[in-house]
Each structure stands twice: as C-alpha cells, then as structure tokens.
Protein chains: 2
Amino acid sequence: MQNSGRQSRRITAAQVAEAAGVSRSAVSRAFTAGAYLDRAKREKILKVAQELGYRPNALAAGLQAAGRSDLVAIVTGDLVNHYDAEILARLVQSLRGLGKWPVVLGGHEDLREEDVLGVLGYPLDALVLRGGSVAESVALHCAKLNIPMILSGRVMSAPGVDCVCCDNARGAAMAVRALVARGRRKLGYLGGVPHLSSDQDRRTGFETALAEEGLSPAVLAHADYSFEGGYAAARDLLAGGAEIDGLFCANDAMALGVMAAARQEGGLSIPEDLSIIGFDDISMAAWPGFDLTTVRNDMDETVSQILRLLSARLEAPGKDNEVAWIEPELILRGTH
Amino acid sequence: MQNSGRQSRRITAAQVAEAAGVSRSAVSRAFTAGAYLDRAKREKILKVAQELGYRPNALAAGLQAAGRSDLVAIVTGDLVNHYDAEILARLVQSLRGLGKWPVVLGGHEDLREEDVLGVLGYPLDALVLRGGSVAESVALHCAKLNIPMILSGRVMSAPGVDCVCCDNARGAAMAVRALVARGRRKLGYLGGVPHLSSDQDRRTGFETALAEEGLSPAVLAHADYSFEGGYAAARDLLAGGAEIDGLFCANDAMALGVMAAARQEGGLSIPEDLSIIGFDDISMAAWPGFDLTTVRNDMDETVSQILRLLSARLEAPGKDNEVAWIEPELILRGTH
DNA sequence: TTGTATGCGTTATCAC
DNA sequence: GTGATAACGCATACAA
C-alpha cells in the first residue's frame, strides 16, 4: 500500500523520476529551459510526466527565489462600470503575455481593505490598483514588503509606486471648449464620487476652462458614476428647473443616463436642446442610438503604460518612481 | 553586514522571532487561529510583526498541506459581454467570502488553452470555467491533478466536474410563448456562436416550442453575442426583406443591437412593428430607452450555486458530480 | 505552554 | 551531462 492515501496527492517530481528511472534533478532540468540534459533523456521524462499528469508545483517553484512568484494582484474598480471591465480584460490578457498570473480583487462596491492586505501574503511581483479606492496604509505595507505598486487613474508620490493617469483637467477643458464652440453658454458639470482625485481634477478643469471663456458654472452636481445615478441626477435637475444648455459628465455611463432622462423625462432633443459630453469613451459610447461625444481616456494606452512601468520596475526595483500621463482626446460624435 | 542584500528580501518568521526574542514556532502560532500560545506573548509577536511589516508567506504556507492553497482559478468569458463581467464581479466577491483568492484568465476573445493548462501549475483548490470556451483536454488534466472543476453555462458529465447551467430550452420556450401570446406568428431566432451547447439548446427550445404552436421558424440567423453583431445581423435581415414580426435573441447584447438597427436602419417601431426578446437580463436591459423584455439567466443564483458546489466538493472531494439547473424567468418589459 | 526537528516540492550549487 | 544536497519559508508532530 504505497500510494493509497484516501485524498490522493498531486504527482511530484520524485514520482516522475522513479517512473522514468532518473534522478529528481533530471526531472527538474527537463522542465527548465536551457538546462543541461541529454536530449533523449529529456524527451523520455517529458513523456512520462505527460502520462502521469505531472506539472511542476508553482508554489514550490515560487518559493525558490524572491521576486518572481509570477503573481500580480489587480485591484479593479466596480465591474458594472464598463470602463473598468474593459480595462480589466485588457490587463489580464497582457499580463499573461508577460508570463504573470493575475489575482483579481474588487469588482464590486465594497472592497475591504483587509482583502487587499491579505493578498500581500503572497510574494507578489506587483500590485496594480485601479481607481482611487484604497488607502495609504496599503501603500505603506507594499513598501515594507517590497512589493512594487502601480496606480492607475490616480497619482501618488512614493518610492516604488508608479502611476498611470489621464490628464483629467485637460480632458475637461477640451469638453468645455467644444461645448462653447457650439454656442453653449449655460454649462453644467455632473461629477462622480467627490473625494476621488480624478473627479476633483475633472471638475477643476471644467471650472478653470469655463473661467477662461469668461463663464461660470450653471450647475455643479454629482452622482455615483452609474447610468442609474446619471438618470436620477438629470431628472432632479430637470424637475428643479435648472437652466442649462450643455452638460459635461465625469464618465460615459452617467452621460448615457442623462441622455435617457433628458429624452424621456424632459422631452428634450439632444443636442438641439441640450448638449452632452461624457468621459472615457467606453465601447457603448459609439453605439448607434447613443453616439455619445466624449473625452477618450485611452484604455489601450493606459494598459500598455501599466505594463511598461511594471516591466521597468521589475528590471530595476530601485528606480525612481514615475508618472505616465495619458493624453485625453476629444471624440466628436452626435451629442454635443 | 547582516542584512544588506541589494535586493532586500521579504521579512520572514525567523526575523520576527529574533526581534521578539521568541522561537520561530511561536511566531507561526501567533498567526494561527486557535493555536496554543500565551496571550501576552502572542500580542508582543503581533506587535513586532506589525512594526517589521511581516506577513506569513502564503506560498510557503500553501506548500504545507495538499488541497488548500486557497487559490481558485476563474476562466471568464469575454468581458465586453456585460453578462460575463457581472458574473465575474459577483464571483470574485463571493470567493473572497470563502477565503479563496481568484486567479483570473480569459476575459477577451482569444483564450489560449496553454494558459489554462499553465495555471494548473498552482495546486488550485478549484477551477471555475464560464461558458463553453475550453476543451476536453483541460478537464482531463484537472482530473489527473485532482483539481475540482466547476462549469458554468455548460454541462459535462465527468467525475469531479460539477455544473451550473440555465435551462436554456425552457427559457427559449418561454420567449416563444410570450411572442405568440402577443399575436406574433412570423418568428425568427438570432443565435450566438453555433458550436456552444448553450446556443444549441436555446435554438432547439425555440424550434420545439414553435412547433408546439404549429409554427415554423421564419428566420434562423446568428451573430457573435455582441451589440455590433446583433446590429449587423438585423440590418442584413432588413435589407434582405425578411418578413418577421418577432425575434428571439440568444443574449441581451445582440437584442439591443437589433433594436438599434430596427429603429435606425429600418425605421421600425418596437414592439409595434417588431417584437424583440433577449436572454440573460443584464443590468442594461432594464435601462429606460431599452426596456428590454428578456429571459432572466439569474446571476445571483448562478454564482451562489457555483459556491455551493465548490464548498460541497471541497468538503467531500470524492462525491458524485452534480448539475445545478437554474430556472429561467421571463421578465416582461416593453419590447415584446 | 513552549521549543526542536521534520517535511512540503521545487530550484540551484556543487562535486563527480 | 549528471546526481546528491542545501536552501526557500512555513506549519506541525513530538518531546519537554
């Protein structure tokens, strides 16, 4: 009764070695690219391993050398926001291209900081944080554990922390100028969660650009970045008799909600009665029926910068921290 | 020069032990719930650990006992499909509730089977597969490696493989009956990827229910589950002069695309000129402006069944495999 | 209650 | 080329 534990264990290199009549080291070498090993011997080992269903245990392998567990944690924003969902998909895909395995956290409203700290139990190659949802203490822990951190959509200045961020103020200014160029003068801003720096920057950009045009905001409101939130905010605005002819929304989902409310609750035509510009350029913005004018917060560029910063950091862990700015671009469609 | 490697290592239990003047085992016990350890001693250790930024290495811990690495891989469908994005968010959240860490794969069109096999290098507690994207060979490997597998949206009969699946045929029949009850007689089916069993089942359900009503399909078409695909398919149908007064779509995204095309390209009113029913009930279906009648493929129920099966399998690895059927529900809105 | 000693499965180092 | 052997960092059975 050699191998009859009731809960059968995973096949190990030792078992493969025995079955193939070689040493354990040979088995290890067979799975290591560029290791000295007789060609025929390697092939035999690989064949036996295949039959037994052997696969080197990544946990044990990751224990060997520090700094290459190949695990990267991603803290994503709420996935009902299409922007975050699309970013996550791209991130997961390109991380695989680097040979990394993404451990995903978040994706819903209530992310517990405890979970973020918990995943640091793994010797992560890096931690990628989307949006502004997590506190300073996490950054502190990362620093102590020597885990590189990459922020997206938020800027923070700390050693070992790299950031990718859209120039939010500039994007907001582009939207304002486009609205003014259309003859709009009574402009409103519909922001998202006010304590996030991205929202603050978009709002500041909006107000500054407006001031440069000699105008002041007709309305400053905020919702929760969702379609439903945008819808409700617009309905309230309309019911309150707000006089606006143009609205800049802090993201596309809210802009779509505003459009629906303006049309259905207010009986307004867009853009004739009300111009609307969103932010992000999620794929839905281009759908016929929406055709939303928006400020593109380039997802491909964002993800590729995240990966560039990640690679650079892994190559030179002690390098200076860096901020990669994403240039916004105004996408002209039919709602402004 | 005791501690001056250029690439500073992670703090270990040994270092904490030395700093706190205790044994390594004591440190280990301090982090193990319910281990014998003097109260004051534990607190001191925890304090020192906190200061040093120590955290037990999950890799080393996972190596201890087989079968509880706390890692669960999720192979998700394309995240531009909102259904998959919403399922993933719920899955990630509830997996955390079980103390598991989700390693996420897929999320985009081209999932390489190599990646799925690769993640099996980790001694996963389980592998959760969404949709029908992955081949038999994966199931085989899982079996050999003794990794429990949970399929969602697809059924497969194999030891150690549990499934959660919507009763697709029944859902399709509900849609057909609702359309017929509205007086529709010339019904079409817009399917998704034809080789997926979910699509086949919905199509079969459609045809069978139609036959029971004494009718036969006016149109059988298919697209790629996307809004754009639905839009293009509808445009082609209209251009080809297809005579239909009702269309059942295999998912909501395509149904929304069809609606946009019918209105904009065909100048049709919905549901006056054309009734449309979707499948899934993604959050967007309820948006004003869409108000899509659809067959709910309950996400909360799906995720909770996945978790139930997962827990049961971990408790009793050798138990019989099981299929949990999700009952579809017709959500009556304004498009049928 | 505590410390010592052993094993988890792998890779890397070292003589052969 | 190849096979022993020492880490890697932790949990735990065992002895005290």
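- Summarising the local packing, CZ of A/Arg24 is surrounded by 12 or fewer heavy atoms from other residues, nucleotides or ligands at distances under 6.0 Å.
- Few gaps surround NZ on B/Lys319; more than 12 heavy atoms of other groups in view lie less than 6.0 Å from it.
- Closest to the side chain of A/Ala13, out of D/dG3, C/dT4, C/dT10, is C/dT10.
- Listed candidates were C/dT2, C/dG3, D/dA11. Nearest to the side chain of B/Ser23 is C/dG3.
- Within the 4.0 Å cut-off from OP1 or OP2 of D/dG3, not a single side-chain nitrogen or oxygen of A/Ser25 is found.
- Residue A/Tyr36 places none of its side-chain N or O atoms closer than 4.0 Å to OP1 or OP2 of C/dT13.
- At least one donor-acceptor pair closer than 3.5 Å links the side chain of A/Ser69 to the backbone N or O of A/Pro123.
- A donor-acceptor contact under 3.5 Å is formed by the side chain of A/Gln64 with the base of C/dG9.
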Between B/Arg130 and B/Ser152, is a side chain to side chain donor-acceptor pair (under 3.5 Å) present by the stated rule, with each step listed?
-> CA-CA 5 Å; B/Arg130 262 289 309 156; B/Ser152 158; 2.9 Å; yes
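- When the P atom of C/dT11 is taken as reference, atom CZ of A/Arg55 falls 13 Å away, rounded to whole Å.
- Going from atom CG of B/Asp70 over to atom P of D/dA11 covers 12 Å, rounded to whole Å.
- When heavy atoms are screened at a 4.0 angstrom cut-off, A/Phe31 is found touching no nucleic acid atom at all.
- Side-chain proximity of B/Arg29 to the nucleotides D/dA4, D/dA13, C/dT10 is greatest for D/dA13.
- With rounding to whole Å, B/Leu63 atom CG is found 13 Å from D/dT12 atom P.
- Looking at the side chain of A/Ala26, the nearest of the listed nucleotides D/dC10, D/dG3, C/dG3 is D/dG3.
- Among the nucleotides C/dC8, C/dT10, D/dC10, the one closest to the side chain of B/Asn57 is D/dC10.
- The side chain of B/Tyr54 places an N or O atom within less than 4.0 Å of a non-bridging phosphate oxygen (OP1 or OP2) of D/dC10.
- Looking only at side-chain heavy atoms (C-beta outward), A/Asp78 and A/Asp84 stay at 4.5 Å or farther from each other.
- Not one N or O on the side chain of A/Asp70 forms a donor-acceptor pair closer than 3.5 Å with the backbone of A/Trp101.
- Between B/Lys41 and C/dT1, a side-chain N or O to OP1/OP2 separation shorter than 4.0 Å is absent.
- The CG atom of B/Leu59 sits 12 Å away from the P atom of D/dA11 (whole-angstrom rounding).
- Whole-Å rounding puts the B/Arg42 CZ to C/dT1 C1' distance at 12 Å.
- At the heavy-atom level, A/Leu37 lies under 4.0 Å from the strands shown only through sugar-phosphate atoms.
- Atom CD in A/Glu18 sits about 14 Å away from atom P in C/dG9, given to the nearest Å.
- When rounded to the nearest whole Å, the span between CZ of B/Arg24 and P of D/dC14 equals 19 Å.
- As judged by a 4.0 angstrom heavy-atom cut-off over every strand, B/Ser28 is placed among the base-contacting residues.
- A/Gln15 contributes no side-chain N or O that forms a donor-acceptor pair with the base of C/dG9 under 3.5 Å.
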